[in-house]
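Atom set for the values below is all heavy atoms of this structure, side chains included, hydrogens, waters and symmetry mates excluded.
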Amino acid sequence: MPRVFGVKELPPQLRSDLEAEGMVVFAPFSGSLARRNHRTALHYSSASWENIDGGTVALSRRRLVIWGNRQTLVEAPLGHPGLTVDLRGPEQVSVEVDQFAIGQAGSGWMTLLLRTLQGPRIAQVYGDAGHQWSAFH
């Protein structure tokens, strides 16, 4: 029987992959998720919003993973142009995602507002990686 993971808990395989890549930040968060023009094979929504009671932000040297509501919400290479990370306050980070650009199923935009003590570190690591994207890709 497959194991059901806790709200803040990454699946073991994903966590071990991130550790092998060199995990830089691993932080719990709470926040919200807004979707705009969200389209999948059998679903379209012009706008929707949901609360994220608990989740995890993980940054390795290669990618950013945001896990919440028992699913991977974002998984993209660090510095990807389809994703922006902005510090909104000492404990709040805004993440804008173009789902089609980063290769997630469906299309549309997601905005995540995350409350975490590691907000400044997340913005710094992701910002530093953004300067490297154009040089390597």
For this session: Test side chain to side chain contact (heavy atoms under 4.5 Å, CB included) on Val57 and Val25 and set out the steps.
Result: CA-CA 7 Å; Val57 178; Val25 178; 5.5 Å; no

Within the 4.5 Å heavy-atom criterion, are [X] and [Y] side-chain neighbours or not?
{"X": "Leu18", "Y": "Leu10", "answer": "yes"}
{"X": "Tyr126", "Y": "Leu83", "answer": "yes"}
{"X": "Arg121", "Y": "Val24", "answer": "yes"}

Minimal non-hydrogen separation, [X] against [Y], with atom names:
{"X": "Trp67", "Y": "Phe29", "answer": "O-CE2, 3.6 Å"}
{"X": "Leu87", "Y": "Pro120", "answer": "CD1-N, 3.7 Å"}
{"X": "His80", "Y": "Ala101", "answer": "CE1-O, 3.3 Å"}
{"X": "Leu78", "Y": "Ser60", "answer": "CD1-O, 3.2 Å"}
{"X": "Ile52", "Y": "Asn69", "answer": "CA-OD1, 3.7 Å"}

Measure the spacing between [atom1] of [X] and [atom2] of [Y] and express it to the nearest 0.5 Å.
{"X": "Leu112", "Y": "Leu33", "atom1": "CG", "atom2": "CG", "answer": "5.0 Å"}
{"X": "Glu50", "Y": "Leu73", "atom1": "CD", "atom2": "CG", "answer": "7.0 Å"}
{"X": "Arg61", "Y": "Met23", "atom1": "CZ", "atom2": "CE", "answer": "11.0 Å"}
{"X": "Arg36", "Y": "Gln99", "atom1": "CZ", "atom2": "CD", "answer": "10.0 Å"}
{"X": "Leu14", "Y": "Glu19", "atom1": "CG", "atom2": "CD", "answer": "10.0 Å"}

For this session: Show the numbers, then the answer: is there a side chain to side chain contact (heavy atoms under 4.5 Å, CB included) between Ile122 and Val95?
Result: CA-CA 11 Å; Ile122 292 166; Val95 181; over 6 Å; no

Problem set entry | Joint cluster assignment, Leu113 & Leu59, ILVMFWY side-chain distance < 4.5 Å | no

Exercise. Do Ile102 and Val85 sit in the same hydrophobic cluster, where Ile, Leu, Val, Met, Phe, Trp and Tyr count as joined when their side-chain heavy atoms come under 4.5 Å apart?
Worked result: yes

Exercise. Is the number of heavy atoms from other residues, nucleotides or ligands within 6.0 Å of CZ (Arg63) greater than 12?
Worked result: yes

